[in-house]
Asks: 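Please read through the structure below; I'll follow up with questions.
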Amino acid sequence: MTESFLAEVMKLRRRPAMWVLLSLWFAMALAFGYLIPYLVYQNPPNGGAGIDSQQLLASLVPAGWLGNVVGGFPLFGAAMVLIAGILVVGSEFGWNTMGTVMTQRPRRLEVLSGKLGALAVLVALFELVVFAPGALASAIIARALDAPVDWPHAAEMLRVFAGGFLILGAWAAIGVALAVLFRSTALPVGLGLVWLLVIESLVNGFGDQLRALGSLRQALPGTTGGSLAASFASNLPDTPGVSAVTGPVQAVVVLLVWSIVPVVLASVFLRRRDVT
Amino acid sequence: MTPDDLNMVLETTNLTKRYGRILAVHELGLKVRKGEVYGFLGPNGAGKTTTLRMLLGLIRPTGGHISILGATPGSPQALARIGALVEGFGFYPYLSGRRNLEVLARYAGVPKERVDAVLEQVALTARSGDRFKGYSLGMKQRLGVAAALLKEPALLILDEPTNGLDPEGMADMRSLIRRLGQGERSVVLSSHLLGEVQQICDRVGVIQQGRLVAEGTVAELRGQAGLLIRATPLDKAQEVLATMEAVGPVETADSWLRLATDPALAAEINRRLVQAGVAVSELRLEERSLEEVFLSLTHLEGGA
């Protein structure tokens, strides 16, 4: 399995698509998490009507750093890692490299384990490229605004980092499962994004009106990811995809299920199907 | 266990693959011995690639048994000693040829130094730093062979390795395969090109509609050679030949006599005919080409 993992890392390191995703995610997180809110805080539109300046400021300084960054995970981050998960596996079918790899030496599940291991590293990297610059941006903003620089405790950082990993990990696993199921990249990306951006929103929107949908949304990865993020970011201004529909414990359980079930499904399909 | 069994690197028994109502491979029995270059011959769609993928564990057979290098297909034990270039296998387009091989070497658990050796073997060292997506078809095929050689395999499986190559590329590839097949290594070469198989292979299996319709050495498949004689007068020549016991049946075709006889008798036959006053204007060996054999086999099977 180590050989498969290292081979996968070799591929990912040199894959332009991964660097594009990471760069885009980094730019989006900084722009929507810090730059635009800072500009709004400095120059509030309509004389500041409808804007809670104190809440906005709280999200921009180090004390609000973790919540601010993780608030981007349920929607933007999820979309990025979903695509990454699909690319890591689906491209092997598109390039016909799955057969090449499967005839080297490792068993199929070893190959998949290597991919999942490398994907886990990639997800951690996705966190790092937004948490680290976010910390820097929040420190700069605090200095510029003469606001206190109060960093969260290490335990809190660890807790949020782990929670963020779970939110992103579930969507990366879903991406892997979709790629194995459809043995391609285009269709899984389309379906995955429709699920994340459309179906989750619709179910969430109608969840208050229909009891059945209300129960269903508590089992969806997007809604529960948003609930977990909300538990880390209680003082965050309205953020797409972040709302406390379930408690954090239920959110963790549901996200764990969404991390494990797709991996099991992917393993079964990859092991049993012919590689043509 | 017979000495032949000990020598066997690949054996399939009643190997069958069915896709719904379509029978892609039907009760195939192949035997490949150590050190031989085995030609797996058949028209497009005959089931060659499906069979090779089953040998590699990529496709699960519907029925039958495969023993490959004493292990089950797709097992690490078998794959560690098999190099394969199967139709449709790909490489990572954004990586160079060398990086592609390094990735595969990592998967296979072979030292990185092997990459230089195989690049040298297929004469791709100079272009190994270029991205795979910029390679010509010939370079891609050579990279495929290099990848197949990474593990220094005991068994090399090559599926239509000259497909799409220009005549020069085909000649290069064939000479490379001939070199690779020397020594203890066994090679299974799938092809629909008869000339290729005839030039390279020690033994040949012919597959048609998923069934093995013939197997043997090229000479065995072509059958016993005969003689063709153009002589006048023809009836006199026939009389003379009828007196020769060693000469088998004689057929007449236009102004030719076709003899199913040992070609070593040619000089004696010529002498007897000339002595009898028959003018022999032409006497030559008649051999069926593998193409004729193949067409007769596949035509018969296809029509049956």
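Please read all numbers here as calculations on a predicted model, not as lab measurements. All heavy atoms count here, side chains included; hydrogens, waters and symmetry mates do not.
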Asks: Which side chain or backbone donor-acceptor pairs connect chain A with chain B at less than 3.5 Å?
Replies:
| unit_1 | atom_1 | unit_2 | atom_2 | d |
| --- | --- | --- | --- | --- |
| A:Glu8 | OE1 | B:Tyr107 | OH | 3.0 |
| A:Lys11 | O | B:Tyr94 | OH | 3.1 |
| A:Lys11 | NZ | B:Tyr92 | OH | 2.9 |
| A:Lys11 | NZ | B:Tyr107 | OH | 2.9 |
| A:Glu92 | OE1 | B:Tyr92 | OH | 2.7 |
| A:Glu92 | OE2 | B:Tyr92 | OH | 3.1 |
| A:Asn96 | O | B:Gly90 | N | 2.8 |
| A:Asn96 | ND2 | B:Gly88 | O | 3.3 |
| A:Thr100 | OG1 | B:Gly90 | N | 3.2 |
| A:Thr100 | OG1 | B:Gly90 | O | 2.8 |
| A:Thr103 | O | B:Lys151 | NZ | 2.8 |
| A:Gln104 | O | B:Lys151 | NZ | 2.6 |
| A:Arg105 | NE | B:Ala108 | O | 2.8 |
| A:Arg105 | NH2 | B:Ala108 | O | 3.0 |
| A:Arg108 | NH2 | B:Gly57 | O | 3.1 |
| A:Arg108 | NH2 | B:Leu58 | O | 3.0 |
| A:Arg271 | O | B:Arg60 | NH2 | 2.2 |
| A:Arg272 | O | B:Arg60 | NE | 3.3 |
| A:Asp274 | OD1 | B:Arg60 | N | 2.9 |
| A:Asp274 | OD2 | B:Lys17 | NZ | 3.0 |
| A:Val275 | N | B:Leu58 | O | 2.8 |
| A:Val275 | O | B:Arg53 | NH1 | 3.1 |

Asks: Report all side-chain donor-acceptor pairs from residues 187-201 of chain A shorter than 3.5 Å, counting only partners two or more places apart or in another chain.
Replies:
| unit_1 | atom_1 | unit_2 | atom_2 | d |
| --- | --- | --- | --- | --- |
| A:Trp195 | NE1 | A:Glu200 | OE2 | 3.4 |
| A:Glu200 | OE1 | A:Gly222 | N | 3.3 |
| A:Glu200 | OE1 | A:Thr223 | N | 3.1 |
| A:Glu200 | OE1 | A:Thr223 | OG1 | 3.2 |
| A:Glu200 | OE2 | A:Gly222 | N | 2.9 |
| A:Ser201 | OG | A:Leu197 | O | 2.9 |

Asks: Which heavy atom of B:Val103 sits nearest a heavy atom of A:Met10, and at what distance?
Replies: N-CE, 3.9 Å

Asks: Where on B:Leu95 is there a heavy atom nearer than 4.5 Å to chain A: the side chain, the backbone, both, or neither?
Replies: side chain

Asks: Would you mind telling me which of B:Gly57, B:Ala108, B:Ala148 has the largest number of heavy-atom pairs within less than 4.5 Å of chain A?
Replies: B:Ala108

